[in-house]
Amino acid sequence: MTTQTARTTQAAQTAQTAQTAHTTQTSDAAPGAAAHRHGPRLPWAKLAPEVYKAMIALDAAAKKGLEPALVELVKIRASQLNHCAFCIDMHIKDARKAGETEERIYLLNAWEEATDFYSPKEQAALALTEAVTLLTEGFVPDAAYDRAAAHFGQAELAQLIALITTINAWNRFGVSTRMAPGQA
């Protein structure tokens, strides 16, 4: 292969990679910054309807017995950590419908710095949410588990862990298939 042919092939591969990544420059972005636009990859719920139905049932079962405001705070926080725009959008809307304040929603990403806005029970649930969601950083620390166990009875704690696990599964479906926010 000649040097020119190799360069042409490499340039074509680079162009294809850039097109596949859907990277575009936008007028409102900082100079030199690229904005990434990703379209949905596939409609997983339509293609795996039994899994979707099972997830709906799991979600309903996981939140039983938990306070609706706490459920939405946990779902939003896990979704923030997992960068699931679809779920963040949906659960912020659900939190508002459930009567959650804008201030608490806005501060959720920095809940540890805004402790006056969240009850000790909510803080314990958020700490456990972070520990379970960020398993790649190690096991769930005893301190996070014990903190939650001090505020939740065993059955309620089991439900909380199920809720955290379920929203993490939803986030993985949303992120891997690039579900678009605003569609819920």
Q.
Surrounding CZ of Phe173 (heavy atoms of other residues, nucleotides or ligands, distance under 6.0 Å), is the total greater than 12?
A. yes
(Q) With rounding to the nearest 0.5 angstrom, report the OG1 to CD1 distance, Thr129 to Ile164. (A) 3.5 Å
Q: Please report the closest heavy-atom contact between Tyr118 and Leu107, naming both atoms and the distance.
A: OH-C, 3.3 Å
Q. Is there a donor-acceptor contact under 3.5 Å from the side chain of Arg147 to the main chain of Leu128?
A. no
(Q) If hydrophobic clusters are built by linking Ile, Leu, Val, Met, Phe, Trp and Tyr wherever their side-chain heavy atoms come under 4.5 Å apart, do Ile56 and Leu58 end up in the same one? (A) yes
Q: Consider only side-chain N and O atoms of Asp59 and Thr166, and report whether a donor and an acceptor are under 3.5 Å apart.
A: no
Q.
Between Phe117 and Thr101, is there a side-chain heavy-atom distance shorter than 4.5 Å?
A. no
**Q.** Sub-4.5 Å side-chain heavy-atom contact between Lys93 and Asp89
**A.** yes
Q) Do Leu73 and Leu81 belong to the same hydrophobic cluster, where Ile, Leu, Val, Met, Phe, Trp and Tyr are linked whenever their side-chain heavy atoms lie under 4.5 Å apart, directly or via other members? A) no
Q) Which pair of non-hydrogen atoms, one from Ser176 and one from Arg41, has the smallest distance, and what is that distance? A) O-NH1, 2.9 Å
(Q) Using every non-hydrogen atom in the two residues, find where Ser79 and Cys87 come nearest and quote the distance to one decimal. (A) OG-CB, 3.2 Å
Q) Out of curiosity, Ile88 CD1 to Ile105 CD1, how far, rounded to the nearest 0.5 Å? A) 12.5 Å
Q.
So Leu70 and Phe152, do their side chains get closer than 4.5 Å, heavy atoms only?
A. yes
Q) Considering only heavy atoms from C-beta outward, does the side chain of Leu163 approach that of Ile167 to under 4.5 Å? A) no
(Q) Contact between Met90 and Trp170 at the side-chain level, heavy atoms closer than 4.5 Å - yes or no? (A) no
(Q) Let me confirm one number: the CD-NE2 distance from Glu156 to His151, rounded to the nearest 0.5 Å. (A) 11.5 Å
Q. Does Glu100 reach the side chain of Ile92, with side-chain heavy atoms less than 4.5 Å apart?
A. no
Q: Compare every heavy atom of Ala61 with every heavy atom of Gln159, then report the nearest pair and how far apart it is.
A: NE2-O, 2.8 Å
Q: Over all heavy atoms of both residues, which pair between Ala95 and Glu72 is shortest? Give the atoms and the distance, please.
A: CB-CB, 3.8 Å
Q. Taking atom CD of Gln154 as the centre, does the number of heavy atoms from other residues, nucleotides or ligands within less than 6.0 Å exceed 12?
A. no
Q. Are Val71 and Ile161 co-members of a hydrophobic cluster defined by side-chain heavy atoms under 4.5 Å apart?
A. yes
Q) If you take all heavy atoms of Ala144 and Ala127, which pair is closest and at what distance? A) CB-O, 4.3 Å
Q. If Ile, Leu, Val, Met, Phe, Trp and Tyr residues are connected whenever their side-chain heavy atoms lie under 4.5 Å apart, and connections chain through other members, are Tyr52 and Leu47 in the same group?
A. yes
Q. Going by heavy atoms in the side chains, are Arg96 and Glu102 under 4.5 Å from each other?
A. yes
Q: Consider only side-chain heavy atoms of I, L, V, M, F, W and Y, link residues closer than 4.5 Å, and tell whether Leu135 and Val74 are in one cluster.
A: yes
Q. Just wondering, do Arg77 and Asn109 contact through their side chains at under 4.5 Å, heavy atoms?
A. yes
